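Here is the naming used below: chain letters follow the sequence lines, and residue numbers restart at 1 for every chain. All of these numbers come straight from a predicted model, not from anything done at the bench. All heavy atoms count here, side chains included; hydrogens, waters and symmetry mates do not.
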Amino acid sequence: MFPAKDTPTSLSNNNQERVVFPRAPDFSHAREAIVLSTDRSVALGAVDLHKSYGATKANRGISLSVMRGEIHAIVGENGAGKSTLMRMLQGVERPDSGHVVIADKPVVLNGPAEALALSIGMVHQEFMLAPDLTLLENLVLGEEPVTRQLGPLSRIDWAKALREGQGLAESIGAQIDWQRRTSSVPVHILQFVEIIRLLRRGCNVLILDEPTAVLAPPQVEELFDLLRNLRANGTTILFISHKIGEVMALADQVTVIRQGKTVFHSTIAETTGPEIASHIVRDAPPLETSPPPSRTVTGEPVLELDGLSARSLEKSQSLDNISLQVRAGEILGIAGVSGNGQGELAECIAGLRDTSAGNIILQGADITGETTLARRNRGLAYVSADRRHEGLTTAASIETNVIAGSHRAPPITRGGILSRKNLRQEASKRLAALKVVFGKVTDPADSLSGGNQQKLVFARESADNPKLMIASQPTRGVDLNGIAAIHGLLRDFRDQGGAVLLASEELDELIALSDRVVVIFEGRLVGEVTSPAGAMAQIGQMMVQGDAA
Amino acid sequence: MMTNMTRRILQVTTACTSLMAGSALWADERPAAMIIAQGGLGDGSWNDTANAGFQSGLEKTGVEGRTIESADVAAQGEEIMRRAADGGFGLVISLEWIHGEPMEMLAKDYPDTNWVIMNQTRTGDNIASVVFGEHEGSFLAGALAAQVTTDTSIEGINADATIGVIGGFKAPGIDKFIVGYIQGAKAVNPDIEVKVAYADSFGDPAKGLQMANAMFDEGADIVYQVAGGTGIGIIEAAKARGHYAIGVDSDQDGMAPGNVLTSMVKRVDVAVDEIVTGYAADNFPGGEVIQFGLAENGVALSEMTHTKDKVPAAYIERVTAYKAQIIAGELDVWDVSSQGYPDFFK
Amino acid sequence: MQVEQILVSTLILTTPILLAAIGGLVNRQAGIVNIGLEAKMLSGAFVAVIVSSATQSWFIACLAAALSSAVIGWMFSLTITRAHANMIVAGLGLNILVAGVLGFILSWVYKTSGTLRQPDVVLLPDVLPEFFEKIPVIGPALSSLDPLTIFAWITVFCLPFVLTNTRIGLWIRATGNAPHVTRAVGLRSLAIQDASTAFAGFFAGLAGAHLALASLGLFNEGLTAGRGFIALAAFYFGRDRPIQTAMACLLFGFLDNTQIRLQTAGFPPKLIGMTPYLMVLLALIFTSVRAQRKARL
Amino acid sequence: MSSSIASRSIGILLPLVVSLIVSGVVLLVIGKNPLDVFSLIATESFGNARRIAATLSAATPLLFTAVATAVCFRSGVFNVGVEGAFLVGGLAAVFLGFTLPAAWGFALFPICFFAAALIGAIWLYVPGILLAKFEVDEVVSTLMLNFIAVAITGYLVNGPLLSPLSGNNVTPLIHEVAYLPRLMPPSTLHAGFLIGLVCVAAYGFWCRYTPAGFEGGLIGLNQRFSRAVGISVPRTIVGVMILSGVIAGIGGAAHGMGQMHRFSDGFSPGYGFTGMAVALLGRNHPIGIVLGAILFGALASAGTTIQLFSNIPLDLVNIIQGTVMIFAVVELGRISLRRKKGTANAG
């Protein structure tokens, strides 16, 4: 790893000597592919990047050029290949073919430290800040200004550090109390600190990975002001998002990625929101179309929420007075920009999060104070958005994963004794019913592909004839075949009279599956669409702005 | 390689079996084993003194012998003793009090083995019980201390009629010393204050030092140590402060010449030595209770090589008189181990 | 009347606990709970006695004790940071192992057991000139100060500064708080943890040297007498903050010292001995309950 | 599957091999042939029926403490307080064993065992509830409780419960009718060993064939998942702590009524901590626990009796035991000089 204190110049020289290309590099086409405008230089770019993980082709030809001093947005759906691209731009991973361009030169990066040394910095969604340290301490950690050089024992020049921090904060128009403990500071300020830390380390290109996902709208405004100031100071910004409104409001350039390829590029001035949207979703996988729009649901209400509210804990969104109904034989979609409370709402209904007011009624019974177990016994099923940490125990066997939750019920447990034989039988039955592809039932769940993992989750959750299924981001990180299968499962469940509460950030998915869609915005329900087909624009509007105007 | 190893293992096994075959080979000189009590060797007290006697006895007689330590000596005692008997040992001495009952039982199973237990009386033709008169010796130490503590003509002595004693753990075996000491002191001066404390450790000299200092601060000028390794610190404190300690078990007068008033010498070493020599000479005191009291010279005050010139002869004479009374049976000293706790010490 | 003496002996009893606790708290700030302090104190005491006798220098003896324990600490750290050993069990194992090795050395090299006396062991000197003794109340305490006690207290009062104002201090706190962050900014978090454990070993070695050389001049197997665990209790009680930990050490040293008084007042010695542990337990409960109340509001 | 068996056996063998190397080097340094010593240890542990019985006798308390530890470790609860529960449980059983009338005869067994289990359960319920309800770090709370248990039992045994006319801190002997029968007289191997095996078997059964055991294993792997499928994590934590206390308490009772027949200073020379090493060495697996307990039992019994036939001091056993403990928790497969980059994002 490179010592971080080396100057960028010496490093890039150093770096060029060490450049090793897996294949004979051919940069002959590089210039033409990248350069869209000749009067300014490319701060950060990519030429025809390919990257596969096993059979999954995450990037299949991505080219990109971010001009110096611009805000450049990359948009695309989840799974379009944005995060893979970021990892390669940042040097965390190497492309299978193609190359990254920094400051007009093709480079091979061997890690984030090298990218950092070449003035490329990234702000992750998980902040790299130690919670118990002050902001100032986090700012200088790893590159402390010292009064006199004594190696690790050098005294840190806090006055200088503070001057630096304040200077940088001022230059981008941020107000930061540097002496506060990090854990007590609002999340958007932390984001500013991350940005300032990168600036302090000499970064002039910043990559921001969905920076608004965790922010409330006023905070988003503050962030945008700050980013504009940065641009004015000459910093280049690569901004990853899937929110068209934000892109239109902030960016100079936009590049759309779909299915691992760049499909569209334009300056913002020359395009429109709908045009970008059309590129994001065009040629979407052939999903089954939604049921006839006239389909009316007449089933009994299975789930009723009456004025449900929940407090915000740590980084979570609070919920405010949510009322809704899901009937038997109905899929109710919940649309919303990530972080607006869909996940929290699902957790409240599943009994994994405390509510502060309102009632949850399942099949006529008030379950507000009941445990998760009691709710499940009443027919609640929950497909977690976080499959790898909450939906599954990846280290445990497949059979354990598919049985957990039903392990106390017959035929698995009778008279207090858990029958391994019945467990295995039941597990095999469940896995077969949903056509999960696996090796042995004793293999760890980790050995399954993403789609099969999710099918396993459905196999478990649908086994005990639930009345209500809460499906939170059910197709996140699932391949196309898997998505089709999971959509089929949800439809079948509905058609057999089940009620589904579907939370998804994939608008296509919501529209394809839902009988009705409600939109959640900042923890409140802001609208309802009774025939979702063709209402994408309307829903999108509400998701972004919180009203249908 | 493999054959080498096999041969070695064979060698060892034969070595073991020959040792186990025991009786046939050694006849009367079967080896001796001594089981070390809780606290282990290096306690600077009970175990170490006994071991010294054991080693000197072995050396004198040429009998082979082993000392056995165990981290789990309380629970494993019976197995260890049985293994020793099985392994051909002719004499098994245990220093651990808790081994009394199992030994009584084992002695019946192994009538050809000679057994020795300390500080209690066990019945059996092949068991020798050794009982020490620590209370008697401690009485004399207390009597001496009580006389000295008010004699300000002696360097390092204040006018307060206050003396101290520090035990290792609070345990009956230790309180036997302490009660005797108090009784001796009160015999001289019924109003004397005897400060009693326990270090809660037999191996913490640093704490012993501080505890003794604290007692000196409270007006005590003589502190009797019944605390093994912890006592080393008590003697160091006496030296540093110019007051007096009383040593225990072995003659500790030389550890801080002039600052150890006397030592309550308990001849565990002599007892063990005598038993080993008796055993070698086919004169094992089986079935007997061997008293190591004042009468038998099993306990005594030291020669006071470094202090006898400081202490008026009258005091020593009075101590000698008590000694005679005790031996004559005219004076009963309370024995915690056979009488339980007295009213004046609860 | 006896205030002076209580002060003196409290101070002396506190020093080894304090030295060990200093190491332990820095170690814990870097994210490692050091159960092996006891072992390192013991080896430090042993080395101190040997070296003091051999070199006639208390200073070299202390240095040797500290360095040897630092090496043990560093190796111990490697099993935790590089081989992912559970720190609690590895620490308990280290205590047993070191006691075993020292016992072995005693019996095979020095043909003794339990206690090792070496000729001409040089003790820690009193540092301050005699006239300090004339100062009322604190005079005797001052005049009996040995170099390690002074060093311990200087360290305690320097430590907050070092931890907050030096690079290594910041690195240690960051590593203990969020190791992934430390790594992300390019610092070698594992090496920082190893260094902190070596530091803990260094101070535990000094603690051992103090036990051996403050007044006794000999080594004894039971010399540490659980002080490593008392030190652990102290830095838990002081929540890893130097001054608070030092106060806890003083309190425990004072408790140790007042045992006699409490015993004569009728408290059983065993129960007095458990007070530090009970206090830590209660402090732990108190802080956790309070933290949770706060989180719920 | 086969690879996991291989890695498991490496996990068990590694600490042994390392400790043999370490102690072998020590022996070589002092001019002893390590092979001679090791084979002497082997004969003294397993050389004949009596030695095997002695080894099993020494292994008996470890069976209990190891199972009591494994119950918690398996559920991700780092309970180091088994030692304390063993002590208080043992004292409770012994106390009733000598205070209740001897005429009650065999009824004393269930009463004493029940009392020990109850006290043990209460003892560990405290840190359990503190962890489950208030997130009080269980390592520290149970460690502190160990010291407190030592102090309290130590106080009682040289105060209120002291046997009159004793030379040591011991309680009176329990009534002879309450002695657990010996299995292979004259060896001290007693019925407690069988009870220990039953506990191990019950533990194995509990892990595999009860819903509670299933839940324990799951919360040990993933608490969030467990919550989501309806398992109450706090209840499970308290449950395994209670279970641990019950087993430790029964272990103390078995030791008191089978081996010691009284409570004394040195009632447990650290069985709880050795049991921890056994559980880790055996990877919380019932068979691993039995083997580990026998291994440590062998070390304890043979390490003592080899002193009869050679001049190897007891310290050698400490060296072996300490090394085994350290390396039992080392994860060989994961030795790395620098943590992988991927983990940098975690947390």
- [ ] Tell me, please, which residues at least two apart from D:Phe273 pass ring-ring contact (aromatic ring centres under 6.0 Å, His included).
- [x] none
Task: Residues forming a side-chain contact (heavy atoms from CB on, under 4.5 Å) with C:Ala246, sequence neighbours excluded - done: C:Leu18, C:Trp153, C:Val156
Open item on the list: Is any side-chain heavy atom of C:Leu281 closer than 4.5 Å to one of D:Phe147?
Closed with: no
TODO: Pull out the residues in residues 37-46 of chain C that come under 4.5 Å of chain D, heavy atom to heavy atom, sorted by number.
DONE: none
- [ ] Check whether any side-chain heavy atom of D:Lys32 lies under 4.5 Å from a side-chain heavy atom of C:Trp108, and answer yes or no.
- [x] yes
Open item on the list: What's the separation between atom CZ in C:Phe104 and atom CD1 in D:Ile312, rounded to the nearest 0.5 Å?
Closed with: 5.5 Å
Task: Interatomic spacing from CD in D:Glu138 to CG in C:Leu284 - rounded to 0.5 Å - done: 10.5 Å
Task: Side-chain heavy-atom pair C:Val101, D:Val26 within 4.5 angstrom cut-off - done: no
Open item on the list: Between D:Val324, D:Val22, D:Ile319, who has the most heavy-atom pairs with chain C when the cutoff is under 4.5 Å?
Closed with: D:Ile319
Task: Side chain / backbone / both / neither for C:Ile35 at chain D, heavy atoms under 4.5 Å - done: side chain
Task: Flag side-chain contact, heavy atom, 4.5 Å: C:Leu94 against D:Ile326 - done: yes
Task: Winner by heavy-atom pair count (cut-off under 4.5 Å) against chain D, out of C:Val280, C:Leu271, C:Thr79 - done: C:Leu271
Task: Exceeds 12 heavy-atom contacts within 6.0 angstrom, atom CZ of D:Phe38 - done: yes
Open item on the list: Counting heavy-atom pairs under 4.5 Å with chain C, which one of D:Met144, D:Met276, D:Met325 comes out on top?
Closed with: D:Met144
- [ ] Tell me, for D:Ile320 versus chain C, whether the close heavy atoms (under 4.5 Å) come from the side chain, the backbone, both or neither.
- [x] neither
TODO: Answer whether the closest heavy-atom distance between the side chains of C:Leu97 and D:Asn318 falls below 4.5 Å.
DONE: no
Open item on the list: What part of D:Ile148 gets within 4.5 angstrom of chain C, counting heavy atoms only: side chain, backbone, both, or neither?
Closed with: both
Task: Side chain / backbone / both / neither for D:Leu143 at chain C, heavy atoms under 4.5 Å - done: side chain
Task: Residue selection (most heavy-atom pairs with chain D, distance under 4.5 Å) from C:Phe229, C:Phe76, C:Tyr277, C:Tyr236 - done: C:Tyr277
Task: Max heavy-atom pair count under 4.5 Å with chain C, selected residue of D:Val136, D:Asp315, D:Asp137 - done: D:Asp315
Open item on the list: Only pairs of heavy atoms separated by less than 4.5 Å count here; which of D:Gly154, D:Pro127, D:Ser19 has the most with chain C?
Closed with: D:Gly154
TODO: Mind checking salt bridge (Lys or Arg N to Asp or Glu O under 4.0 Å) for C:Asp194 and listing every partner two or more places apart, or none if nothing turns up?
DONE: C:Arg82
Task: C:Leu232 side chain near D:Val140 side chain, heavy-atom distance below 4.5 Å - done: no
Open item on the list: I need the D:Phe78 CZ to C:Ile88 CD1 distance, nearest 0.5 Å.
Closed with: 6.0 Å
